[in-house]
Amino acid sequence: MNDLQIACFVAVAQTGRFSAAAGKLYLSKPTVSYQIRALETELGTPLFSRTAGATELTDAGRVLLPLAQRLLRDFAAAKKAMARVTGGDGVHLVVPPGVFLLDTRMVRQIASEAEQQTGATVLCEPVPLSPEDSVQDLLEGRIDLLIIARHSAQKHGAQLEMTPLFESGQYAILPAAHPLAQREEIAPEDLAGETLLMSDEDNCFLPEIRACFQRRGVEAVWRQMTSYKVLMPFVEMGKGVTFMPRRVADMRGVVFRPFRLDRPQQIVLCSLKKQTDVRLQQVARIVRCAVLAVYGDRKTAQ
């Protein structure tokens, strides 16, 4: 059993599809399939039931999932500790999957740039944790830097240094034939009574979207799904509406319309307060500049 096998298992469990897991980890689909088969062989039991329409966890898979998520965190902590032992400095940067604007490939490029400029070992690997778990890992010292939505870390503000990066809006994604598809902007009141398809894994702003509906007294039908890869076909078929923090490449059968939140959602770079590690401070500055170079056209707080 190794960390790649565990990462593939968690990604497939979260997305419900081998192809989606491969995309999340930037691996080929055959590589993910091979790692899952090797893990199942070692454990002596199937972890997924595979059908033409879906991939679901078996009983054994459901038992393994929380343990596997914990193992990923421990693997990351071990690599960070060993980097410091062998190289003198190690900085662990995490961007939870829900910060949809920043994909894994981009974060790895930022980490590589920080390594070249500081000489530190910057660990940045896909760790499919929730925003809440990622914040807890930061507080407990398992990671050093965290890029996340401010509201996810706000309640720990007394312990965290939060450096603003940029503000993120939201798009409502509707079937192309939806009556609202011709609107220039969508408000919560427009979606009263609609079925809203949610994936917390892929959009860390969904708690704020829900709160916006509640504050305005707008009722809708909320349906939880495992990932955007799973729910998007339902949107295309006219089975509901979803949200995304950015407009991606045009997709057949759906339209993207700006969604009116009560306030912009801020992305921040978090570290522990009173941090005295000079190398970590250098990496944090480089990460901030690199992110702003990509999203420099977005409003940032000073």
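Every value quoted in this text rests on a predicted model; they were computed, and no experiment measured them.
Side-chain contact check for L72 versus F9: every heavy-atom pair is 4.5 Å or farther apart. By the 4.5 Å heavy-atom criterion applied to side chains, M1 and L71 are counted as neighbours. Residues M232 and I173 form a side-chain contact, since some pair of their non-hydrogen atoms from C-beta on lies under 4.5 Å apart. In this structure, S112 and Q109 have side chains that are not in contact, with every pair of non-hydrogen atoms separated by 4.5 Å or more. When side chains are defined from C-beta on, L180 counts as touching L191, because their heavy atoms get closer than 4.5 Å. The shortest distance between side-chain heavy atoms of M198 and R210 falls below 4.5 Å. You'll find the side chain of C270 reaches within 4.5 Å of the side chain of I148, heavy atoms only.
Scanning for side chain to side chain donor-acceptor pair (under 3.5 Å) contacts around E219 gives an empty result, with sequence neighbours left out. Residues forming a side chain to side chain donor-acceptor pair (under 3.5 Å) with Q117 (at least two apart in sequence, or on another chain): E113.
One finds the OH atom of Y171 at 10.5 Å from the CD atom of E185 (value rounded to the nearest 0.5 Å). Note that the CD atom of Q5 and the CZ atom of R37 stand 11.5 Å from one another [nearest 0.5 Å]. To the nearest 0.5 Å, the span separating CD1 on I110 from CD1 on I147 amounts to 6.0 Å. Here the CG-OG1 distance, from L196 to T242, works out to 8.0 Å after rounding to the nearest 0.5 Å. With rounding to the nearest 0.5 angstrom, the CG atom of L146 is 8.0 Å from the CG atom of L269. The CG atom of L174 sits 5.5 Å away from atom CD1 of I186, with the distance rounded to the nearest 0.5 Å.
Hydrophobic clustering (side-chain heavy atoms under 4.5 Å, transitive across Ile, Leu, Val, Met, Phe, Trp, Tyr) groups V254 together with M237. Linking ILVMFWY side-chain heavy atoms closer than 4.5 Å, directly or via other members, places V278 and L145 in two distinct hydrophobic clusters. Connection of I267 to I286 is not established within any shared hydrophobic cluster, with ILVMFWY side chains joined at heavy-atom distances below 4.5 Å, either directly or through further cluster members. V63 is not connected to V12 by any chain of hydrophobic side-chain contacts under 4.5 Å among Ile, Leu, Val, Met, Phe, Trp and Tyr, and they are in different clusters.
For Y34, the OH atom counts as loosely surrounded, since its 6.0 Å shell holds 12 or fewer non-hydrogen atoms of other residues, nucleotides or ligands. The number of heavy-atom neighbours closer than 6.0 Å to NZ of K273, taken from other residues, nucleotides and ligands shown, is above 12.
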Dump the intermediate steps for side chain to side chain contact (heavy atoms under 4.5 Å, CB included) on N2 and Q35, then the final yes or no. CA-CA 9 Å; N2 58 50; Q35 296 299 328; 4.2 Å; yes
Carefully, step by step, assess L231 and R223 under the rule side chain to side chain contact (heavy atoms under 4.5 Å, CB included). CA-CA 10 Å; L231 69 80; R223 182 177 176 190; over 6 Å; no
Determine whether L272 and L160 satisfy the following criterion, side chain to side chain contact (heavy atoms under 4.5 Å, CB included), listing intermediate values before the conclusion. CA-CA 5 Å; L272 291 177; L160 300 177; 3.9 Å; yes
Stepwise side chain to side chain contact (heavy atoms under 4.5 Å, CB included) test for D59 and R62: CA-CA 5 Å; D59 289 343; R62 281 188 285 272; 2.4 Å; yes
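The shortest heavy-atom contact between V255 and P175 is CG2-O, 4.3 Å. Residue A13 comes nearest to L57 through the heavy atom pair CB-CD2, 4.0 Å, listed as atom of the first residue, atom of the second, then distance.
Residue pairs meeting the salt bridge (charged side-chain N to carboxylate O under 4.0 Å, His left out) criterion with at least one member in residues 186-198, sequence neighbours excluded, are R183-D190, E189-R216.
A donor-acceptor pair under 3.5 Å links the side-chain atoms of T58 to the main chain of P46, judged by distance alone. Not one N or O on the side chain of E236 forms a donor-acceptor pair closer than 3.5 Å with the backbone of G253. For R257 (side chain) and A172 (main-chain N/O), no donor-acceptor pair under 3.5 Å exists by modelled atom type. E40 places a side-chain N or O within donor-acceptor distance of the main-chain N or O of L47, the cut-off being under 3.5 Å.
Judged by a 6.0 Å distance limit and a 45° cone about the ring axis, R50 is not positioned over the six-membered ring of F18.
For E167 and R150, the salt-bridge test fails: no basic side-chain N is under 4.0 Å from an acidic carboxylate O.
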